[in-house]
Amino acid sequence: MYALDHGGEKPNKLEELVEPTAESETGYLQSNTVPLDPWGNPFIYRPPTEPTGDDYEIISLGNDGAVGGSGHAADIKLSELRDR
């Protein structure tokens, strides 16, 4: 819905998804805050890049909240989930 309302643009930060819209007192998410990952850590959001046109990326750093790791501590990237 965000992209439709903004001419195909994707947000530059996740907080834009919870800001009130012109049509509503709420944002695009049901909550008024950006959700945390399952371990209570903030997601990392990388907006689309210009001029390469790379898509956005959303990352959870796993249960340890640090880059890298394996098992439950492994980073989870949206782009890798899409590739499955």
Side-chain angles (χ1 to χ4, degrees):
M1 292 303 302
Y2 182 96
L4 288 174
D5 289 345
H6 292 88
E9 296 292 321
K10 295 185 174 95
N12 290 312
K13 57 184 182 173
L14 289 177
E15 289 77 13
E16 291 178 29
L17 299 175
V18 296
E19 294 171 355
T21 66
E23 297 80 24
S24 171
E25 293 180 10
T26 63
Y28 295 92
L29 299 178
Q30 289 182 351
S31 68
N32 61 355
T33 60
V34 175
L36 300 175
D37 74 7
W39 299 280
N41 299 311
F43 287 100
I44 296 170
Y45 175 73
R46 295 190 182 132
T49 58
E50 297 285 338
T52 63
D54 290 342
D55 208 359
Y56 65 92
E57 180 70 279
I58 298 176
I59 303 168
S60 166
L61 296 178
N63 71 351
D64 64 353
V67 175
S70 61
H72 292 291
D75 299 349
I76 303 167
K77 298 180 180 182
L78 180 62
S79 61
E80 292 174 358
L81 297 174
R82 283 189 205 138
D83 295 340
R84 291 184 175 186

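Each residue takes its place number in the sequence, starting with 1.
The minimum heavy-atom distance linking P48 with P11 is given by the pair CD-O, 4.1 Å. Considering every non-hydrogen atom in both D64 and L61, the closest pair reads OD1-O, 3.0 Å. Minimum heavy-atom separation, I76 to W39: CD1-CH2, 3.9 Å. When all heavy atoms of H6 and Y28 are compared, the pair lying nearest together is CE1-OH, 3.3 Å. Between N63 and A73, the shortest heavy-atom contact is OD1-CA, 3.2 Å. Heavy-atom minimum distance, Y45 versus I58: CD1-CG1, 3.8 Å.
Under the 4.5 Å side-chain heavy-atom criterion for Ile, Leu, Val, Met, Phe, Trp and Tyr, V67 and L81 are members of distinct hydrophobic clusters. Under the 4.5 Å side-chain contact rule for hydrophobic residues, V18 and L4 share a cluster.
The structure places CG of N41 at 13.5 Å from CD1 of I59, a figure rounded to the nearest 0.5 Å. The line from CD1 of I44 to NZ of K77 is 9.0 Å long, rounded to the nearest 0.5 Å. In this structure, CD on E80 lies 8.5 Å from CG on D75, to the nearest 0.5 angstrom. Remark: Y2 OH to T21 OG1 distance equals 11.5 Å, nearest 0.5 Å. One finds the CG atom of L14 at 8.5 Å from the CZ atom of F43 (value rounded to the nearest 0.5 Å). Here CG of D55 is found 9.0 Å from OG of S79. Values are rounded to the nearest 0.5 Å.
Judged by distance alone, the side chain of E57 and the main-chain N or O of L78 form a donor-acceptor pair under 3.5 Å.
Side chains of K10 and E16 form no contact here, defined as non-hydrogen atoms less than 4.5 Å apart.
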